Amino acid sequence: MTALHHLRSLQALEAAMRLGSLRAAADELGVTAAAAGQRIKALEDYLGVDLMARGRSGLRPSLQLSQAMPDLTAAFRALDRVADALELQRVQEIHIAAPQDFVDLWLGPRLASYRAQRPNLRFCINGEGDAPHRLGRIDCEVSFGPVAAKSGHLLFHDYLAPIGSQDTVARVARLPARRRLEGFPLMHLDFYRNDPSALNWPSWVAAHRHTRNAPTRGIRFQRIAPGIDAVLSHAGFMICGIALVQERIDDKSLRLPFGLRAGASTSHAFQARFREDAHPRPQLRAFRKWLLEQAGQTRDWLQRKTAGAQASANRRARV
């Protein structure tokens, strides 16, 4: 595997060493500090060594990294010159990095109509698309994590609730309310595992006093989209963010077997960061405006959809 496969990890590592902190490196790269740290850790895991350590004066490189730093710094200076030159080729291009589930379930379906009105505009999303993958910097990075007030634009929190296919929900509707989960497979998503407010099946079953043996068992999915496919194939129930499946909820191909009063908002949120030096490009300004408008529509839909659930929660809190 060549160094090009680890380019983003090496970029984060070089910036962290040069600037003295992950936060400063993240700000320069237009990502969160957690994302910068994850890139470096991925490289350390691949090499099987620690590349840096925290000292009283900040980050310090390991012996191996210290020897490599002059070459690494020189290499990225050269790449910066290449990136500056490639900006001339990016006038009609927008380069995006985002969780693939966000792309597949939320951004992609909305982007089709936007692109239809702008036939000359090309996109490269996660290294793929009709715009070629370039060494230049990312224009927009979307992440799902703790809300950082100064690091970007909040798109939306999601609202987690149990979902099932139309057929599966119809089958359990004939059973006593507290026993509707017994005997039906449960599917688990790892996407929300780092969110302290995220619902999971064990906590949901306990909170709503349902009868269910072994609520931790079932198929696990790292990504949301394959889990949705399994739900639509009548494989069982899954707790999922409804904003990412808005169209499926609205056309009733996905149903809410226990309603939205059995759900909860995430504390993590989808957020977007844009390169400050790229804002003068009119194409990116227009895309930024459109993306924030679309996110606003999603927030409005969630508010309308969950209004009854929120009112019920407030009444319970007052009792």
Side-chain angles (χ1 to χ4, degrees), residues 98-107 109 142-147 154-166 168-169 172 177 180-181 184-210 212 215-232 235-271 295 297-314 316-317:
Q100 195 60 47
D101 283 314
F102 179 85
V103 175
D104 293 344
L105 299 172
W106 192 89
L107 180 61
V142 177
S143 62
F144 181 77
V147 176
L154 187 145
L155 299 179
F156 55 88
H157 295 268
D158 214 333
Y159 190 88
L160 301 179
I163 61 171
S165 70
Q166 195 169 32
T168 305
V169 173
V172 302
R180 288 179 180 173
L181 283 181
F184 286 86
L186 300 182
M187 291 175 285
H188 308 265
L189 283 176
D190 288 337
F191 184 87
Y192 306 102
R193 68 183 181 277
N194 294 324
D195 187 336
S197 299
L199 292 174
N200 57 41
W201 279 119
S203 64
W204 189 93
V205 168
H208 296 280
R209 300 178 182 177
H210 276 249
R212 173 70 201 200
T216 59
R217 292 181 182 174
I219 304 172
R220 302 202 71 88
F221 294 90
Q222 291 186 340
R223 287 195 48 213
I224 300 172
I228 296 298
D229 290 341
V231 171
L232 290 170
F237 294 111
M238 184 170 71
I239 293 176
C240 179
I242 63 171
L244 294 184
V245 291
Q246 175 182 343
E247 184 178 353
R248 297 286 194 178
I249 296 289
D250 286 342
D251 70 14
K252 301 190 185 317
S253 56
L254 286 176
R255 306 298 292 267
L256 302 160
F258 308 103
L260 287 172
R261 288 182 175 83
S265 294
T266 59
S267 60
H268 288 184
F270 289 100
Q271 300 160 87
Q297 292 176 18
T298 294
R299 293 195 302 271
D300 291 344
W301 180 84
L302 282 169
Q303 186 175 17
R304 293 193 303 271
K305 202 75 178 173
T306 62
Q310 300 293 351
S312 177
N314 292 337
R316 289 197 301 270

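Everything numeric here is computed off the predicted structure, so don't read it as measured data.
Separation of atoms CZ (Arg220) and CD (Gln222) is listed at 9.5 Å; rounding is to 0.5 Å. With rounding to the nearest 0.5 Å, the separation of CD1 in Ile249 from CG in Leu256 is 4.5 Å. A distance of 12.0 Å separates CD of Gln246 from CG of Leu105, quoted to the nearest 0.5 Å. Note that CH2 of Trp201 is 5.5 Å distant from CG of Leu186, once rounded to the nearest 0.5 Å.
At a threshold of 4.5 Å between non-hydrogen side-chain atoms, the residues Pro162 and Trp204 count as touching. Taking 4.5 Å as the limit, every side-chain heavy atom of Phe237 sits out of range of all side-chain heavy atoms of Val231. Looking at heavy atoms from C-beta onward, Val169 lies out of side-chain contact with Phe258 at the 4.5 angstrom threshold. Side-chain contact between Pro196 and Ser267 is present, with heavy atoms from C-beta onward closer than 4.5 Å.
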Exercise for review: Would you check, one step at a time, whether the test side-chain contact (heavy atoms from CB on, under 4.5 Å) holds for Gln271 with Val147?
Suggested key: CA-CA 8 Å; Gln271 300 160 87; Val147 176; 4.1 Å; yes
Practice item. Please test Trp106 against Asp101 for side-chain hydrogen bond (donor to acceptor under 3.5 Å, both in side chains), starting from the C-alpha separation and ending with a verdict. Key: CA-CA 8 Å; Trp106 192 89; Asp101 283 314; over 6 Å; no
Exercise for review: Decide yes or no on side-chain contact (heavy atoms from CB on, under 4.5 Å) for Thr298 and Leu155, but give the supporting numbers first.
Suggested key: CA-CA 9 Å; Thr298 294; Leu155 299 179; over 6 Å; no
Check your understanding: Checking side-chain contact (heavy atoms from CB on, under 4.5 Å) for the pair Leu254/Leu232: CA distance, chi angles, key distance, verdict?
Key -> CA-CA 7 Å; Leu254 286 176; Leu232 290 170; 3.6 Å; yes
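At distances below 3.5 Å, not a single donor-acceptor pair connects side-chain atoms of Tyr159 with backbone N or O atoms of Thr266. The backbone N or O of Arg193 sits nowhere less than 3.5 Å from a side-chain atom of Asp190 that would complete a donor-acceptor pair. Thr306 contributes a side-chain N or O that, together with a main-chain N or O of Leu302, makes up a donor-acceptor pair within less than 3.5 Å. At distances below 3.5 Å, at least one donor-acceptor pair connects side-chain atoms of His157 with backbone N or O atoms of His268.
Listed here is the closest heavy atom pair of Asp195 and Ser197: OD1-N, 2.9 Å. Scanning both residues, Lys305 and Ile242, for their nearest heavy atoms gives CG-CD1, 4.3 Å. Considering every non-hydrogen atom in both Ile224 and Met238, the closest pair reads O-CE, 4.4 Å. Taking both residues in full, the closest heavy atoms of Met187 and Ala230 are given as SD-CB, 3.6 Å, listed atom of the first, atom of the second, then distance. The shortest heavy-atom contact between Val103 and Pro109 is O-CD, 4.0 Å. Taking all atoms of both residues into account, the shortest heavy-atom contact from His188 to Arg217 is NE2-O, 2.8 Å.
Between Tyr192 and Phe144, the angle of the ring planes goes over 60°, which puts this pair in the perpendicular group of the 30/60° scheme.
Results of the side chain to side chain contact (heavy atoms under 4.5 Å, CB included) test with Cys240 over Leu160, Asp158, Ile228 single out Ile228 as the only residue that passes.
Arg223 and Asp104 are joined by a salt bridge, as a carboxylate oxygen and a charged side-chain nitrogen come within less than 4.0 angstrom of each other.
No more than 12 heavy atoms of other residues, nucleotides or ligands sit less than 6.0 Å from atom CD of Glu247.
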